[in-house]
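Right, I'll just put the structure down here and ask away after.
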Number of protein chains: 2
Amino acid sequence: MTTDTKQRILAAARRMVQARGYNALSFRDIAKEVGIKSAGVHHHFPTKGDLGAALARQYTEEAVTLLHDLLERFDNEQLTLERYASIFRSALVQDNRMCLCGIMAAEHHDLPADVRVEVDRFTEVNVDWLCKVLSFREDGRDAESIKRLALAIFAAIEGAQLVARGRGDVSVFDDTVQAYRSAGLFA
Amino acid sequence: MTTDTKQRILAAARRMVQARGYNALSFRDIAKEVGIKSAGVHHHFPTKGDLGAALARQYTEEAVTLLHDLLERFDNEQLTLERYASIFRSALVQDNRMCLCGIMAAEHHDLPADVRVEVDRFTEVNVDWLCKVLSFREDGRDAESIKRLALAIFAAIEGAQLVARGRGDVSVFDDTVQAYRSAGLFA
DNA sequence: ACCTGAACACCGTTCAAGT
DNA sequence: ACCTGAACACCGTTCAAGT
């Protein structure tokens, strides 16, 4: 049994959104890629909002397991955060794509409510994970201060990805993350 | 003599892009706001790319003079960077809008070449300005290190804006910038 | 359950035509 | 120079109909 239509729709849609955003997501383009008609796509995802929400949900789920694995083989903060940054880097390398939730955050105004919920959850998952990584430190930081720093690291990496993508140049991402490190934003 | 149609088109378009992005920019919506037909908008800006480029050019020009004034009344680094951050903050406060070039960076794939050029120039203007601010420091940093830090500060602030907008919460921006400061990314 | 064909009201864009 | 009306090929979406 081959991968079913629903999964192929999700895969095609994911690639489109990471490359061109939620607004540029087209049922007709998806249909062309999958080999059915656009009305057929609607059978699996009644509205564009349903597709977007499913997309973001799946994306966040994958992030959860990926980050879980990364935390399991935690050795030290620097290497772990380097691996974390390299996840965002790899999106840029793949045809200058962006984090699905990063690009969707920019389109906040056009997102249906249930898509927004998933975008928020992605941020939460990342911030919570970064909190865990940072709590390995022994600098007696309180939980609130850790949470703010975690949010800052997440925002900084999203920003590095956004600016590097705008320039169409991965080395901008590398330089920026390097500067974050030497400035002391993270280990 | 009142403001002419061309300027009113640019003003309406600016508001739309900062709220919903380049892709969501609609000639028919602009026409409705200005009080003419969509074909009339094309008389002033032949293509959507022409309008986008003019928009980004005007936006960057305004940034140039704004940043110039900010540098003229430079007193110390911390206050100057606080004023700088507050520019990006004010966009969020105005109906959760974004930096025009930030949101356009996310749409990089869909931008015509001449729009991309302007988005790049905005980044350059900001980075160059930050370099000047940072060069007031007396820590004997070389030019390359200053430039990387300037790029990092710009990317970090864009990221803070992006994430805060995604959550629809200005306080996320404030917390993040505060964390950048305590982490030592900037004074 | 899964998909198509045809229709709806929208796009950006073009172009001939009006003033 | 400035704008309109009408047309073009596109959208997302709906829905009745086919298998």
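Predicted model, so just to flag it, every value in this text is computed and none were measured. Labels below follow one simple rule: chain letters A, B, ... track the order of the sequence lines, proteins then strands, and each chain is numbered from 1.
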Protein-nucleotide distance (H43(B), atom NE2; dC3(D), atom C1'), rounded to Å: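 Going from NE2 in H43(B) over to C1' in dC3(D) covers 8 Å.
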Side chain of R28(A) (C-beta onward), nearest among dC11(D), dC3(D), dC3(C):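 Ranking dC11(D), dC3(D), dC3(C) by closest atom to the R28(A) side chain puts dC11(D) first.
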Test item: side-chain donor near acceptor, T47(A) and D50(A), under 3.5 Å: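 On atom types as modelled, these side chains qualify, holding a pair under 3.5 Å.
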Among dC3(D), dG12(D), dC3(C), the one nearest F27(A) by side-chain distance: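 Out of dC3(D), dG12(D), dC3(C), the nucleotide with an atom closest to F27(A)'s side chain is dG12(D).
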Geometric cation-pi criterion K132(B) and F74(B), 6.0 Å radius, 45° cone: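 Ring-cation test returns no.
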Sugar-phosphate only, base, or nothing, as touched by T47(A) at under 4.0 Å among non-hydrogen atoms: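 Sugar-phosphate contact only - T47(A) comes under 4.0 Å of backbone atoms but never of a base.
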5'-most by nearest nucleotide on DNA chain C - D29(B) or T5(A):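 Result of the comparison: T5(A).
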Distance under 6.0 Å and angle within 45° of ring axis: K48(B) vs Y22(B):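 The answer is yes, since K48(B) meets both limits relative to Y22(B).
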Protein-nucleotide distance (H42(A), atom NE2; dA1(C), atom P), rounded to Å: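 Nearest whole value for this atom pair: 19 Å.
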dC3(D) OP1/OP2 closer than 4.0 Å to side-chain N/O of H44(B):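 Looking at the OP1 and OP2 atoms of dC3(D), one of them is under 4.0 Å from a side-chain N or O of H44(B).
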Paired nucleotide for dG12(D) [Watson-Crick or G-U wobble; both distances under 3.5 Å]: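 dG12(D) is paired with dC8(C).
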For dT19(C), the Watson-Crick or wobble partner whose two distances fall under 3.5 Å: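 The base-pairing partner of dT19(C), which may sit in any strand shown, is dA1(D).
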Distance test, side-chain N/O of S26(B) to OP1/OP2 of dG12(C), below 4.0 Å: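 S26(B) to dG12(C) OP1/OP2: side-chain N or O found under 4.0 Å.
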Sugar-phosphate, base or nothing in reach of L25(B), heavy atoms under 4.0 Å: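 Touches sugar-phosphate only.
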N96(A) side chain to H108(B) side chain, donor-acceptor N/O pair below 3.5 angstrom: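 Yes.
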Integer-rounded Å distance: dG12(C) C1' and K32(B) NZ: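 Interatomic distance, NZ of K32(B) to C1' of dG12(C): 14 Å.
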Between P of dA1(D) and CZ of F45(B), the distance in whole Å: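 After rounding, the gap between these two atoms is 16 Å.
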